[in-house]
Structures are given as structure tokens and as C-alpha cells.
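Naming convention: chains lettered A, B, ... in sequence-line order (proteins, then strands); numbering from 1 in each chain.
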2 protein chains.
Amino acid sequence: MEVSRARIAGVNSRIKVVRTGLTASAALPGSPPDQRAASELALDRIILGDCLAELQRLPSQSVDLVFADPPYNLQLEGALTRPDHSHVDAVDDDWDKFDSFAEYDAFTRAWLAECRRVLKPDGALWVIGSYHNVFRVGAILQDLGYWILNDIVWRKANPMPNFRGRRFTNAHETLIWATPTRSKRYTFHYEALKGGNDDLQMRSDWFIPLCTGDERLKDAGGRKVHPTQKPEALLARVLLSSSNPGDVVLDPFLGSGTSAAVAKKLGRRFIGIERDPVYARAAQQRVDAAAPVDPQAFAAAPAKRSEPRVAFLSLIEAGLIAPGEMLEDERRRHKALVRADGTLQLGPAVGSIHKIGALSQGLPSCNGWTYWMIERNGQRLHIDALRGEYRQTHRAAA
Amino acid sequence: MEVSRARIAGVNSRIKVVRTGLTASAALPGSPPDQRAASELALDRIILGDCLAELQRLPSQSVDLVFADPPYNLQLEGALTRPDHSHVDAVDDDWDKFDSFAEYDAFTRAWLAECRRVLKPDGALWVIGSYHNVFRVGAILQDLGYWILNDIVWRKANPMPNFRGRRFTNAHETLIWATPTRSKRYTFHYEALKGGNDDLQMRSDWFIPLCTGDERLKDAGGRKVHPTQKPEALLARVLLSSSNPGDVVLDPFLGSGTSAAVAKKLGRRFIGIERDPVYARAAQQRVDAAAPVDPQAFAAAPAKRSEPRVAFLSLIEAGLIAPGEMLEDERRRHKALVRADGTLQLGPAVGSIHKIGALSQGLPSCNGWTYWMIERNGQRLHIDALRGEYRQTHRAAA
DNA sequence: GTCCTTTGTGAATCCTCAA
DNA sequence: GTTGAGGATTCACAAAGGA
């Protein structure tokens, strides 16, 4: 999973191609979606166009991760307001809400369904929202067959206070992490996250400051370019936890381009869709200015699960353990004989290091590598240490 | 917010009336709901019966606050064991099983609609849920015309870990606070909450321990009476923030009776509906044993103030350390690369600041915070100093 | 009685690959 | 698709037990 310098250079040069201007959807008029193979997918580009129309052009099962920050406030979205919104009195309020919700739901269902089509089977989707919209998004997502893995709470370090003092300070937003189907194949860098968190599992509540200061995009007049620019730290945690270097990250509501900028910095590929030319241009400039961090700093960490398997027999064949030696558990309660074929013998029972380990304890299963110990140079070692030794000496060959 | 002694005494004497036993619904056969005025509403009682049927008997606009802890529809499959092979006691009760989302939605819509009818116009509703159900509950609640005031995150101090390391620790549950209509007339004790929170506005993320120890109801055999008993601190914050002494609190899924017990302790009236006779009896005993308390004691209780934990990753996210930088130990014998995910790399090894620190010295453990140094402005600092800096700028991190 | 160690447990949608 | 074996995996508390 090492990312070479050549690869990074390749990413950079590709970005340079689109740096000349936005890739407007109008530039691709004659390409029907069904004829576009995944290999043709143009990457590291910002598409200026309608979210739904552009999603429909993307090939199926071509994207590793979707990050979506859809509109929260129905009233402010031109496409979602009723034409005759002008006079709504209190009596009509419920109907108005129902109409708005129905429209919002239809819109949500449409883009979530397209994202599900575009996602690879082992990909995943993240959506962020507030209480205004996240319940609808979450329910629709479940209805469409997505499988929720976690809901994550982004706890804001410095939220806007509630000026009227009529509610609790709205100090968090919610993210939903889901796979397109109920699948066990998804990316999650458990050990890396744990390593960065004082060796404790990363929890579902994340404490991250708002996007402020230099990170916040401003226009020439010093006004913020986008009203809800997300902090890069939030996106970084999303991408680092659930994607790999080189993965394709799609953002159907790119906005100020946080997801694309972080994707570039962390060695991921991106596709961003944005309808507003002002946002799209700002995002493009931001992406152009973003510099990838040292590839060593985001290269996939070796996870135990992904280490190559080693048969216990291989240790015997490599001379690290001799047939006839005895293994013991930590407390020296059980003692087993190493046989030449890589099995253990404990009394009359013969089986794998795991089976005999489980049997000796009366448990349904056991990791023999971390259960059995052997004596070497007057010290006791888990046989897992010898496995590590074996892997080290055989890594060069591979 | 002060609860007067006279008022508490009055509540007590009323409760004595129903202390003789459970008020079974069968005891009220001849009273059609429409003929029952609000003034006749029998209070401080636990109704043994079906949630929907009993809600339908209650008069309209008679309740100040609803607290509902409905089934979550967890959809668990198979068994789960801890790394030590012990069995995880899952919530596999029949009451949590639904055939489909559609069935769960119909049930949810029915009880939420009845609660809306029963609520006074200036009343409010609280629902608690997890990602399994809360999105559906929230969307249906909006569809019915409820108006959401806040979503609240209950951050668990001591959640169950994710034993297989396949997801983020599910460390929170979500509460929704809503009024039956879009109304400005609802109860919110802003100042009282602020006073109990170091004069800071109470945020939407609440840090409260699970219900354990003596508070957890046990049967004669020492087994927990109810699988999902909620902590009284959670209910206390709900009731103190959004109800007044003397208010009527309705809980359609009473379970172990936390809401009723806290209501009695805080001088509120209650109506609890519970279908399971075992739960209902336990709740009744619990309520009988509950004595009015000083609200301040509750408000002060929950958050044990220790130094908030800071992840090394947070320093990177905050820009205090950049991915790709190098850390060195005091004597410059070892040099490690800071990775974007908050882990360190030393040669082929990747791990936490502590793990890599220990590895570099050949020791079993190491405090990475005081072992690793970094250069800043020509001077060398322990990374612990940067942690201090982070804590200073982010007080709310706990 | 005090201190230290061991054990138990909580609303959980909790593995992965080869044959 | 299914089956079977390999082997990876836990945090904060509280209560009980032992020295």
C-alpha cells in the first residue's frame, strides 16, 4: 500500500490538466452514461452542474466513498421552496411543512439512490446533517437499503450560542456512516484510529473545532464564501478512517470544496459536483492550492488483519521451532507437544494450535498464536513472536 | 426552580393513595375516553396495559411533558462474545422485534400521534433512541406536525466497547425534544441550567454515565430487572430543563420506571404505561421507595470532572503538529515520523506515541507525551506542552 | 479496616478467507 | 451460494475477593 512518489506526481499532473478551468458538464454532451466504463472515469475534477443530473452520468460501482453535505434548510433552497410561498399563515403551517418535507424527501431519495448505484459494493457513504434534515435523510437511507454502521456526533468546540436563551446550545451535528448494502466488506482503519487516540478505541463522539481563521474561505471583501464550510479536520477523520490512499471520493454537494481539498492532501482521488459557479470556482482554487502531505504520513498502516497468513507448520519448516518441543500457556497449566506436521498433541488430542488451545481451556475458540509460549534463551515467548520473526525474514523475498 | 416543602408533601400524600397496588386498566372498564375531563385524570399511577390502548383512554391536552423510550428495533443477529469469550447479554426481548421498517413505522406513528393529542398545547415531548430507530422516529414526528427544538446527544461515560474492532464505539444515544406544534410557548429553564453548568449555556451534548451500581434494579437472583434502564441523571436533566414542579409527565413505555421515580423525586406528577407486569411491578416498588430530593443534588451529580482526555490526533487536526514532522526523544537517539492519522512511524513499525516510544526503548510501556519532543521556534518542547496548549484553547473537550 | 487484584457487565445491527 | 477453519478482538466502573 506504499504510495510512491511517481503516483503522487501523477496525481498532481492530472490536477494541472483541469486547473485551466472548471470541467463543465456541457463539455461532455455526447456521452451517454451507460457507455462509460469505470476506467474512463475522469478524476480529480470539479463538475459544475446539477447534483442529480451529474450523478446520473457517473458509471455504476465506480466510487469508493461518498461524502455528502446536503442542504439543511428547506426554506433557503430555491429548488425546494414552493412557488407560492409568499403568504403562509399559522393554519396552513402543517400543510406547508408536509409539502416541503415531501419535496425534500423526494430530492433526498433521488440523490441517495444515485449514490448507491455509483458506489462500489465495498464502498461506503457519509452524510452530515442537523436535526432539521438528518432524521429524514437517515430514514430514507435505510429505506433504500443502505446499512448504517455508525452515527457520529461532531461536537463543536466553539458553537454559536443560542442568543435568545430559549433552547440548548446547538453544539453538534450528526454524521451517518453507511454501506450501500448489509455487507461486511468495508474499509475501517481501526488500529490506526486507536493508535491516534491514546490506544483507546475511537468513539462515536468527535470533538472538533469549527472552521475558522485562515482555513475559512473569504472573498475579496473579506466575507465568507460559503455559509457552512466544514472543517478540514472533520473530513480528514472521515477519509482516514474509512478510505485508502488512491480511493475515489465523490462529493455530490461540494460547496467550498473541503472534501476535495482534504482528499488531495491525503492522497485520495476526488470527484466534486457543485451547482453554484461561485462555490465551484472557489473550490477549484482551493484544491489547486492544496498540497499533498508527505505520502509516508498517510500511507496505509500495516494492520494485523492484513498481514499475510503464516502456517504454524512454516515455523517448523523454517527451523524456528523443532518437532518434539513443548509449548505451555502463560500460567503453565497446559503443556502440548509440537508434532512434525504442525499440529499439537495434548494427551490423546491432536489438532491445530488454536484447536488444542481452545480444548485445553474448555473454550469454543482460541488464538493459539497468543496463547502458547515457548522458551528461547532462558526467556518465554509467545509463538506469535516467532511468527513475527518469520514474517520479517520472508518479507524481503516478497 | 426551588421545590417547596409543602408541594412535595402534597405529592407524597397523593402517591400514598395508589401505593396499594398497580392500577390495572381493567379496573376502569366503563369510562369512555371522550367523557373524561382533564380534571379527572388520575395521577401518580402506573397503568398496566398496552401503550396504544391506554394512550387512547387519556383525555386530550392533559399532559405537560411526554418522555418516551420506545423499542429501538435493534435487528440483532447471532451472538456476540467479548475477546475473553464471555457472552454479551444482548437485548433480544420480544418487545424489540419488528418484522419490517414499515411495521415499526406504523407503530411509531400511532403512539406519537396519540401523544400529540394528549399533550397540552404548551407541552413538549422527549424521545430517546439510537441510530437503529431514531431517524425513523424523528422523521415521523416531523410528519405528524411536531416541531423539533433540539436534538440532544447523551454521551455515555462508560459505553460498551466495540469488541470486534469493526466500527466506532457506539458511545452515545440521541434524544429529540419537540413541541406538538410550532409554538413558542414551551417550558425551558435556561437560567437554572446555566447556573448548574459553570455559567455556560447548557449544550446539546450531555456527558452522563450509564445506569450501574445500586441504581440499577436487580431481582432476587441479582439479575437486572430491565435490559435498558436509563440513568436517573438523564431524566433529571430532562425534567429540570423542560418541566415545572407539579407538571404531569407521561411515559408511554415506562419500563423500569426511571421517569416516574425522577418525577416523584423532583415534585412532578406522573403517568406511566407499561405492558409487562414484571417491569410494572418493579417500577411501582421503585416509585414507592423514591423520596423527594433537592434538585441541586441532581443537577450537580453527573459529570465527574477529570482532566479531559486529548488524543494525539487532535493536535494534528488543530494544526499544532503537521503530518510528516519528526519527533525525537530527549537524547535524540530515536526519531519518529508523525502520520496523518495520529500514529507514529519508526522504521517499519507504526503505532501510538506510547507504543512507538516503548518500542524504541525496548520497554514494555512508555508515556509518549513526556517522551517525545518536537522543535518549535528553535526550542525543543515535549509534545505534552502542545497538549496543554490544546486544552487551554478547547475547554469544552470533556 | 485498607489496599490491591480479580471479576463482571453495559440498547451491539461487531470477522474473513479459502475451498 | 455455503461451510469450516484461522485467528482477531474491549473500556470504564463497580463489586467482590484476597492479602
Side-chain angles (χ1 to χ4, degrees), chain A residues 122 142 146-151 177-179 182-186 188 190-191 194 197-204 303-312 342 351-355 357-358 363-372 383-384 387, chain B residues 69-93 95-98 101 128-134 154 156-174 207 209-216 218 222-224 226-231 253 255 304 306 309:
Chain A
D122 54 356
Q142 288 180 310
Y146 283 94
W147 190 248
I148 298 178
L149 297 173
N150 277 116
D151 61 333
W177 177 36
T179 50
R182 183 174 189 168
S183 158
K184 287 173 175 161
R185 297 184 55 231
Y186 55 91
F188 182 54
Y190 173 76
E191 289 187 317
K194 188 175 171 179
N197 189 41
D198 261 29
D199 286 325
L200 294 173
Q201 290 191 341
M202 187 68 81
R203 295 169 44 120
S204 57
K304 247 185 190 171
R305 281 192 173 88
S306 58
E307 291 276 323
R309 291 209 167 171
V310 175
F312 184 63
S352 70
I353 53 172
H354 313 296
K355 281 274 159 54
L363 290 175
S365 68
C366 164
N367 183 345
W369 293 110
T370 53
Y371 177 70
W372 294 110
I383 57 174
D384 197 31
R387 179 170 63 161
Chain B
D69 183 8
Y72 287 7
N73 189 22
L74 287 186
Q75 308 177 62
L76 302 179
E77 283 184 356
L80 180 65
T81 55
R82 297 185 169 81
D84 65 2
H85 305 285
S86 65
H87 171 73
V88 175
D89 187 15
V91 178
D92 52 3
D93 307 71
W95 51 253
D96 195 48
K97 290 192 167 65
F98 294 81
F101 280 137
I128 183 167
S130 67
Y131 67 83
H132 309 85
N133 71 323
V134 80
W154 168 29
K156 301 179 183 183
N158 44 351
M160 190 190 296
N162 185 290
F163 296 117
R164 310 306 289 264
R166 295 296 294 148
R167 304 182 180 192
F168 297 94
T169 308
N170 197 357
H172 73 275
E173 293 186 22
T174 303
F207 186 75
L210 294 178
C211 175
T212 58
D214 289 341
E215 189 185 317
R216 188 92 196 204
K218 306 271 170 52
R223 290 174 297 262
K224 61 190 175 194
H226 193 280
T228 71
Q229 183 178 344
K230 296 293 177 289
F253 307 96
K304 201 170 65 175
S306 61
R309 197 188 295 280

Say whether A:S204 and B:H172, considering side chains only, have a donor N or O and an acceptor N or O under 3.5 Å apart.
yes
Which part of the nucleic acid does A:L200 contact within heavy-atom distance under 4.0 Å: base, sugar-phosphate only, or nothing?
sugar-phosphate
The side chain of B:A90 lies closest to which of these nucleotides: D:dG6, D:dA12, C:dA12?
C:dA12
For A:K194 and for A:F312, find the nucleotide of DNA chain D with the closest heavy atom, then tell me which residue's nucleotide is more 5'.
A:F312
Within the 4.0 Å heavy-atom criterion, would you say B:T81 contacts the bases, only the backbone, or no part of the nucleic acid?
nothing
Taking any heavy-atom pair under 4.0 Å as a contact, classify B:V134: base, sugar-phosphate, or nothing.
nothing
Pairing donors with acceptors under 3.5 angstrom, does anything connect the side chains of A:S352 and A:H354?
no
What's the closest nucleotide to the side chain of A:N367 if the choices are D:dA8, D:dA12, C:dT13?
D:dA8
Is the shortest side-chain N to carboxylate O distance from B:E77 to A:R182 below 4.0 Å?
yes
Measure from CZ on A:R185 to C1' on C:dC14 and round the result to the nearest Å.
18 Å
Base, sugar-phosphate, or nothing for A:P308, non-hydrogen atoms under 4.0 angstrom?
nothing
To the nearest Å, how far apart are A:H354 NE2 and D:dG4 C1'?
13 Å
In whole angstroms, how far is the P atom of D:dA8 from the CD1 atom of A:I383?
11 Å
Using atom CG of B:D93 as one end and atom P of C:dA12 as the other, report the distance to the nearest whole Å.
12 Å
Between A:M202 and B:T169, is there a side-chain heavy-atom distance shorter than 4.5 Å?
no
For B:T228, does its backbone N or O pair with a side-chain atom of B:K230 as donor and acceptor, under 3.5 Å?
yes
Given the C1' atoms of C:dT13 and D:dG6, what is the spacing between them in whole Å?
25 Å
Rounded to whole Å, please give me the gap between CD in A:E307 and P in D:dA8.
9 Å
Nearest-angstrom distance from the residue atom CE of A:M202 to C1' of D:dC11
15 Å
Earlier contact from the 5' end, DNA chain C, for B:D89 and A:Y146:
B:D89
Can you check the A:L149 CG to C:dC15 P distance for me, whole Å?
12 Å
When we call it a touch if two heavy atoms are under 4.0 Å apart, what does B:T212 touch: a base, just sugar-phosphate, or nothing?
sugar-phosphate
B:M160 side chain: which of C:dT13, D:dT9, C:dC14 is closest?
C:dC14
Would you mind reading off the distance between B:K224 atom NZ and C:dT9 atom C1', rounded to a whole angstrom?
7 Å
For DNA chain D, list all stems, counting runs of three or more consecutive pairs where every pair is Watson-Crick or G-U wobble with both distances under 3.5 Å.
C:2-10 with D:11-19, C:15-19 with D:2-6
Residue B:R216, side-chain atoms from C-beta onward, closest of C:dC14, C:dG10, D:dC13:
C:dG10
Under 4.0 angstrom, heavy atoms only, what part of the nucleic acid is A:I353 near: base, sugar-phosphate, or nothing?
nothing
A:R182 side-chain proximity, nearest of C:dC14, C:dG10, C:dT16:
C:dC14
Would the distance check show the side chain of A:D151 and the main-chain N or O of B:S130 forming a donor-acceptor pair, the cut-off being under 3.5 Å?
no
Tell me whether the centres of the aromatic rings in B:F207 and B:W154 are closer together than 6.0 Å.
no
B:W154 near the nucleic acid: base, sugar-phosphate alone, or nothing, with a heavy-atom cut-off under 4.0 Å?
nothing
Of residues 163-173 of chain B, the positions that come close to DNA chain D - non-hydrogen atoms, cut-off under 4.0 Å:
B:F163, B:R164
When you match B:N162 and B:R82 each to their closest nucleotide on DNA chain C, which lands nearer the 5' end?
B:R82
Centroid-to-centroid, A:W177 to A:F188, below 6.0 Å?
yes
Does B:G78 reach a base, just sugar-phosphate, or nothing at all? Heavy atoms under 4.0 Å.
base
Picking from C:dT16, C:dA11, C:dA12, the nucleotide nearest the side-chain atoms of A:K184 would be C:dT16
Polar side chain donor-acceptor pair, B:Y131 to B:E173, under 3.5 angstrom:
no
Tell me what A:D198 touches on the nucleic acid: a base, only sugar-phosphate, or nothing, going by heavy atoms under 4.0 Å.
nothing
For the rings on B:W95 and B:F253, is their centre-to-centre separation under 6.0 Å?
no
Taking the same atom, C1', in C:dG8 and in D:dT10, what whole-Å distance lies between them?
13 Å
Could you check if the base of D:dT9 is syn or anti? Syn means the glycosidic torsion is within 90 degrees of 0.
anti
For B:H85 and for B:N158, locate the closest nucleotide of DNA chain D by heavy-atom distance; then report the residue assigned to the nucleotide nearer the 5' terminus.
B:H85
Contact between B:R167 and A:L149 at the side-chain level, heavy atoms closer than 4.5 Å - yes or no?
yes
With a 4.0 Å cut-off, would you call B:D92 and B:K97 a salt bridge?
no
Give the nucleotide from the list D:dA12, D:dT9, D:dA15 with an atom nearest to the side chain of B:R309.
D:dA12
Over all strands shown, is B:D96 touching base, sugar-phosphate only, or nothing at heavy-atom distances under 4.0 angstrom?
base
Return yes when atom NZ of A:K184 has more than 12 non-hydrogen atoms of other residues, nucleotides or ligands closer than 6.0 Å, and no otherwise.
no
Short side-chain N/O contact from A:K304 to OP1 or OP2 of D:dT9, under 4.0 Å:
yes
At 4.0 Å (heavy atoms only), tell me whether B:K218 reaches a base, stays on the sugar-phosphate, or touches nothing.
nothing
For D:dG6, take OP1 and OP2 only and decide whether either is under 4.0 Å from a side-chain N or O of A:R387.
no
Heavy atoms only, 4.0 Å cut-off, all strands: where does B:C211 land among base, sugar-phosphate and nothing?
nothing
Check whether any side-chain N or O of A:Y190 sits under 4.0 Å from OP1 or OP2 of D:dT10, and answer yes or no.
yes
Between C:dG10 and D:dA8, how many Å separate the two P atoms, rounded to a whole number?
29 Å
